[in-house]
Every structure is written in structure tokens, then in C-alpha cells.
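Heads up: the structure comes next, in C-alpha cells.
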Amino acid sequence: MTDQAFVTLTTNDAYAKGALVLGSSLKQHRTTRRMVVLTSPQVSDSMRKVLETVFDDVIMVDVLDSGDSAHLTLMKRPELGITLTKLHCWSLTQYSKCVFMDADTLGLLNTYFSGWATTDITKHLPFVYNLSSISIYSYLPAFKAFGKNAKVVHFLGRTKPWNYTYNPQTKSVNCDSQDPTVSHPEFLNLWWDTFTTNVLPLLQHHGLVKDASSYLMMEHVSGALSDLSFGEAPAAPQPSMSSEERKERWEQGQADYMGADSFDNIKRKLDTYLQ
Ligand code: UDP
Ligand code: MN
């Protein structure tokens with residue numbers, strides 16, 4: 001099946017770690033398709049060499065940016081403008097079919113294929129093909145029924161798996177057990193298990209990581225101590241938020257279930273309307 005491909009994108013060394021974990025997990029699942037990563041010139045040469053050991057094709061593309069700083073600032077995700085770079089996937093005409101492994105591009109493509117949601121239900125991928133790691137709480141019943149069949153877990157949101165620290169002895173990430181966004185840390189732990197087993201040795205081999213054990217003990221969220229350029233620090237709990245901001249977070253699956261968006265609060269609001 002060399003004319004079909006799984007495609008992903010990384011525009012920097014931090015997201016490259018995600019791409020490498022994705023690539024190595026596709027390999028673990030013995031994919032028969034080609035594996036392609038789109039990269040931009042900001043990815044370091046050493047990291048590009050590591051990507052070449054995992055992916056069949058490492059394709060350099062120019063960065064496309066939405067330039068929509070107004071909305072991106074509202075979302076507190078300034079880095080997401082360049083996710084438009086994914087559109088280069090359409091230029092991979094050497095393949096008859098490509099699966100881009102970051103399904104949140106559907107917000108974008110909806111506008112073009114405006115009928116997709118209602119036209120043909122058989123063209124929709126089932127829930128288990130894009131299981132959101134952060135909003136499991138909001139569809140706990142579906143997760144209970146289908147979670148064991150998870151095909152793809154999507155760590156969408158501002159805090160990515162590589163922003164956590166990991167304890168290889170206990171095989172678990174260091175996180176706040178009260179944090180509803182990590183109510184199911186087993187997926188984060190699985191990501192880190194794949195990273196430490198398959199990716200870290202490659203980073204070491206190519207000089208991107210000097211000492212694996214001290215690397216794992218590092219406070220990745222601070223970024224300052226690390227060998228690599230890391231993503232941003234996890235979003236701190238916000239004491240107060242405008243209702244516009246809350247709406248954005250809600251729509252991203254980051255509802256404040258224990259606080260402002262708790263069932264009791266929602267019920268109270270509905271009651272005031274009814275009265
Ligand atoms: N991406 C990238 N560099 C960035 C931000 C994003 O290469 O600085 C790519 C990467 O493939 C990522 C995708 O764009 O998975 C979408 O961004 P992200 O996953 O952060 O969005 P979310 O899923 O949190 O909405
Ligand atoms: Mn994503």
C-alpha cells in the first residue's frame with residue numbers, strides 16, 4: 001500500500017516529539033501505509049534526522065499562517081495560526097489517499113465542505129477514531145461503553161503530553177489528580193511509555209538529549225532547563241474569566257465541571273430562567 005499514507009505535521013522540535021510518538025505507535029500497529037511528516041525550516045537539523053529514522057518521507061514545506069491574531073489571542077493559543085500548514089497535505093498528490101492524524105482540522109474544513117455533517121453519515125468516523133483525552137469527562141457514558149476500543153486518542157488543548165514530567169519507575173505522569181483534564185491519565189502514561197521506550201533513545205543517539213534519566217526528571221513545563229525547545233506551560237487554573245473566554249473553553253471541551261460549569265450552577269441558571 002505504498003500509494004496511501006498517514007501524514008502529520010511539525011513546525012518545531014517540541015511538536016516533533018508528538019510526531020515521533022505518533023509515528024512509532026503507527027509502526028507498533030504494523031501499519032502497511034507510508035508514514036509522512038510535513039516539517040518547516042524551524043525544525044532543527046538533528047531533529048529532522050531523528051524524524052527520518054521513523055518516517056518514510058520527511059517533507060519540507062513553507063509555513064502557512066492564518067494571521068488571525070484576534071481569535072487566536074481569545075483562545076490563548078497564539079501558536080495555532082500555523083496549523084494551516086496542514087493544508088500542504090493536499091499537495092501530496094503522489095498518494096491516492098492520505099489520513100492526516102490531527103482531526104481537529106475538521107473546524108476549518110467544515111466551512112468548505114459545509115454539508116459534511118448532514119450529507120452522509122457513513123462518511124463520519126466513529127467516536128473511537130478521535131477520542132479526546134481532555135473531554136472524556138464530558139462523555140463519560142460513551143467512554144465507558146467504547147473507550148476500550150479507542151483507536152486514536154487526541155491530546156487536544158494547550159497542555160501537551162510532552163509538557164508533563166514522567167516517572168519511569170511508576171510509569172506515570174506527575175499530575176494533579178484533581179485536574180479534570182487528566183481524569184484518565186492512562187493515555188498520558190501510554191504516550192510517555194512509548195516516548196521513553198522508542199523515542200528517547202533516538203533523541204539520545206542524535207545528541208538531542210544528553211542523559212535520559214536527568215531528562216526525565218527535568219521540569220519540562222519550565223522549558224528553561226531543557227535541551228529542547230518545549231511547548232508552553234500548562235494553563236494555570238483561572239480564578240476569573242470573562243463569559244466569552246468561558247464559552248471558548250467550553251467549546252474546546254475544557255468545561256470547568258467542578259466550578260462555574262458544574263451541574264448545580266447550570267441547574268440554578270435554568271431555574272432562574274424558568275421562574
Ligand atoms: N502544529 C505544529 N506546530 C505548532 C502548533 C501546531 O506543527 O506550533 C501542528 C501539529 O501537528 C498539531 C497540529 O498542528 O498537532 C494542531 O495543533 P494542536 O494539536 O496544538 O491543536 P489542538 O489539538 O490543541 O486544537
Ligand atoms: Mn491536536
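Every number for a ligand or one of its atoms is a count from 1 in the order of the listing. Sequential numbering from 1 along the given sequence is applied to the chain's residues. Values in this document were obtained by computation on a predicted structure and should not be read as measured data.
Across D57, L92, V7, a single residue satisfies side-chain contact (heavy atoms from CB on, under 4.5 Å) together with R34, and that is D57. When each of T85, V37, T39, L87 is checked for a side-chain contact (heavy atoms from CB on, under 4.5 Å) with L9, only T85 meets the rule.
Ring-plane geometry between W162 and Y15 is classed as perpendicular, the angle between the planes exceeding 60 degrees on a 0 to 90 degree scale with a lower cut at 30. Taking the six-membered ring for Trp and thresholds of 30 and 60 degrees, F195 and W191 have nearly parallel ring planes, at less than 30 degrees apart.
Listed by number with element, the atoms of ligand 1 under 4.0 Å from a non-hydrogen atom of T10 are 7 (O). Atoms of ligand 1 found under 4.0 Å from any heavy atom of T11, numbered from 1 in the order shown, are 2 (C), 3 (N), 4 (C), 7 (O), 8 (O).
If you look at N12 next to ligand 1, the close heavy atoms, those under 4.0 Å, all belong to the side chain.
Of the listed residues (T8, L156, L9, V63), the one carrying the non-hydrogen atom nearest atom 11 (O) of ligand 1 is L9.
The N/O atoms of H154, backbone and side chain alike, include one that comes under 3.5 Å of an N/O atom in ligand 1. By the 3.5 Å distance cut-off applied to N or O atoms, F100 is not counted among the residues near ligand 1. Of the N or O atoms in K86, none lie within a sub-3.5 Å distance of an N or O in ligand 1.
Side-chain atoms of H205 never come within 3.5 Å of backbone atoms of P201 as a donor-acceptor pair (strictly under, hydrogens ignored). The main-chain N or O of S40 is never found under 3.5 Å from a side-chain atom of T11 such that the two would form a donor-acceptor pair.
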